[in-house]
Amino acid sequence: MTVTQALAAATALGLERIDAQLLLLQAFGRAQADRAWLLAHDTDELPELQQAQFLQLCQRRASGEPLAYIVGCKEFFGLDLLVDRRVLVPRPDTETLVEWALELSAVRNDSLAPRVIDLGTGSGAIALAIKKALPRATVHATDASPEALEVARENARRLSLGVEFRRASWLAGVEGRYDLIVSNPPYVAANDPHLAALAHEPLSALAAGPDGLADIHTIVTQAPAYLRSGGWLLLEHGHDQAPAVRELLAAAGFQGVASRRDLAGIERCSGGKWLELG
Ligand code: GLN
């Protein structure tokens, strides 16, 4: 079987061409950035072992396992993150939340040394992206899953980024106040049929009660006690949840409540500013 034939076999299994190329590079033990190598070697024969490995990887992808788990990494905000089934795969949509957080930090703090906490950090994606962009920021992150924290700590170590991780359910037991609280919590309704397509990822990172708002509600309730006056809470949420999340924020007393759109033009994050009175 040649490289060209292997790619054709993968697309026949229903794989996207790009996924097939990346899995073929994986089977060859080559870097994911090496797609040009495949083009230059399209008539090369695959050794037996690589051929078997490649077809096995293709089967996993065809059964719905995210490509990121199979290759073991995912790019997020320019960072190469290790990911596996212990954590949700970082989505490009979440970069909207990071961009908003960085804008707010620039406006709020001349020294760009804000105190930031990321709740339900998973792979550490948001916390690490913020720390990378704002080296002087104090960045903390929590997760209820000890397994997720192992992945996040490993990512921080490999990227040499000084983020402090701790096990906590959202803000419970956290001390001090922050300029910025950010989170991409679970927000899919527990009975949403969409969950079936996400079956390889941790359910605890995806589903949140009958309307998907249970964890967002908890965070909005906890956050005021952990924000400095003028500090912001930013939350990612589902494609149709922006009005409900804005309402929760306003009802809790947040000011300047607003939403931001993701790359697909969907209102994907909402946030508000906390002002202490008097
Ligand atoms: N954006 C993910 C999806 O629906 C869900 C992530 C989350 O619940 N935080 O595919």
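The shown structure was predicted, so the numbers you read here are calculated from the model rather than taken from an experiment. Start at 1 and go down the list; that is how both ligands and their atoms are numbered.
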>> Are any of the N/O atoms on Tyr187, whether in the backbone or the side chain, positioned under 3.5 angstrom from an N/O atom of ligand 1?
In response: yes

> For Asp93, is at least one N or O under 3.5 Å away from an N or O on ligand 1?
Replying inline: no

Under 4.0 Å from any heavy atom of [X], which atoms of ligand 1 are there?
X	answer
Arg91	2 (C), 3 (C), 10 (O)
Pro186	8 (O)
Ala205	7 (C), 8 (O), 9 (N)
Pro185	7 (C), 8 (O), 9 (N)

Electrostatic pair [X]:[Y] at N-O distance under 4.0 angstrom:
X	Y	value
Glu147	Arg167	no
Glu175	Arg166	no
Arg91	Asp93	no
Asp179	Arg228	yes

>> Give me the atom names and distance for the closest heavy-atom approach of Val83 to Pro90.
In response: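 It is CG1-CD, 3.7 Å.
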
> Under 3.5 Å, is there a donor-acceptor pair linking the side chains of Thr11 and Arg17?
Replying inline: no

>> Tell me the protein heavy atom at minimum distance from atom 4 (O) of ligand 1, and give that distance in Å.
In response: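 Ranked first by proximity to atom 4 (O) of ligand 1 is His194 NE2, 3.3 Å.
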
> Given that the side chain starts at C-beta and the backbone is N, CA, C, O, which of these parts of Ala208 lies under 4.0 Å from ligand 1, counting heavy atoms, or is it both or neither?
Replying inline: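 Looking at Ala208 and ligand 1, no heavy atom falls under 4.0 Å.
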
